[in-house]
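Encoded as structure tokens, the structure appears first; notes follow it.
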Amino acid sequence: VVAGGEPKALKEFMNVRTAITALAFNHSSELLAFASKYAKASMRVAHLATRRVYPNWPTSKTPLKYVQSFAFSPGSGYLSFGNDKGAALLYRLNHFEAA
């Protein structure tokens, strides 16, 4: 509850320059993934404890295309993407257990 006035954002992630069309927290709310279907490869993952976006992924060679949807697996061991070409991409997040 905010006592008077508007709540203030703790952090703004300005890494995607078009409208965000999808976002999701992982199971522990440690990660926040966000994407825009309006720009090619416009997807990022942020670590909320440090309030930083991972700079090393996705890379320019990651074949995301235009991300339409994504989801973390229940234990966050995997992150899956669906794109405008009909491809489903599955990535392993090594920090978390696979199951």
Side-chain angles (χ1 to χ4, degrees):
V1 177
V2 176
E6 298 269 332
K8 273 200 120 158
L10 296 175
K11 174 71 176 175
E12 292 182 26
F13 297 111
M14 305 301 288
N15 303 75
V16 174
R17 301 221 180 254
T18 56
I20 300 298
T21 56
L23 62 94
F25 289 95
N26 75 322
H27 81 286
S28 63
S29 297
E30 185 177 349
L31 302 177
L32 172 64
F34 53 98
S36 175
K37 67 181 180 181
Y38 300 117
K40 191 174 185 179
S42 188
M43 185 274 155
R44 300 291 180 267
V45 178
H47 183 256
L48 295 179
T50 60
R51 298 181 186 157
R52 294 183 185 262
V53 172
Y54 287 99
N56 61 339
W57 193 86
T59 67
S60 61
K61 295 182 181 182
T62 306
L64 294 178
K65 307 289 188 229
Y66 293 87
V67 174
Q68 303 296 305
S69 63
F70 57 87
F72 290 97
S73 65
S76 301
Y78 295 93
L79 180 56
S80 178
F81 299 90
N83 67 24
D84 64 316
K85 300 298 182 194
L89 308 166
L90 182 66
Y91 292 93
R92 175 78 174 93
L93 303 179
N94 293 324
H95 176 76
F96 300 97
E97 292 186 27

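Heavy atoms only: backbone and side chains are in, while hydrogens, waters and symmetry mates are out.
- Side-chain contact between Arg52 and Lys11: absent, with no pair of heavy atoms (C-beta onward) separated by less than 4.5 Å.
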Could you pull out every donor-acceptor pair under 3.5 Å between side chains of residues 79-89 and any protein atom, sequence neighbours left out?
from  : atom 1 : to    : atom 2 : distance (Å)
Ser80 : OG     : Leu89 : O      : 3.3
Asn83 : OD1    : Lys85 : N      : 2.9
Asn83 : OD1    : Gly86 : N      : 3.3
Asn83 : OD1    : Ala87 : N      : 3.1
Asn83 : ND2    : Leu64 : O      : 3.3
Asp84 : OD1    : Tyr66 : N      : 3.1

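- Side-chain contact between Tyr54 and Arg44 is absent, with no heavy atoms from C-beta onward closer than 4.5 Å.
- Scanning all heavy atoms of the two residues, the minimum distance from Phe72 to Ala24 falls at CE1-O, 3.6 Å.
- Looking at Ser36 and Ser42, their side chains never bring a donor and an acceptor atom within 3.5 Å of each other.
- Here the closest heavy-atom approach between residue Val45 and residue Met43 is recorded as CG2-CE, 3.3 Å.
- The CG atom of Leu31 lies 6.5 Å from the NE2 atom of His47; values are rounded to the nearest 0.5 Å.
- Interatomic distance, Thr62 OG1 to Trp57 CH2, rounded to the nearest 0.5 Å: 6.0 Å.
- Residues Gly75 and His27 share a closest heavy-atom pair of O-CE1, 3.3 Å.
- Between the side chain of Ser76 and the backbone N or O of Phe96, no donor-acceptor pair lies under 3.5 Å.
- Between the side chain of Arg92 and the backbone N or O of Gly77, at least one donor-acceptor pair lies under 3.5 Å.
- Side-chain heavy-atom separations under 4.5 angstrom define the hydrophobic clusters, and the remaining members of the one that includes Val53 are Phe13, Val16, Ile20, Leu23, Phe25, Leu32, Phe34, Leu48.
- To the nearest 0.5 Å, atom CG of residue Leu90 and atom CZ of residue Phe70 are 14.5 Å apart.
- No more than 12 heavy atoms of other residues, nucleotides or ligands lie within 6.0 Å of OH in Tyr38, so this atom counts as exposed by the packing criterion.
- Contact check for Lys37 versus Gln68: side-chain heavy atoms found under the 4.5 Å cut-off.
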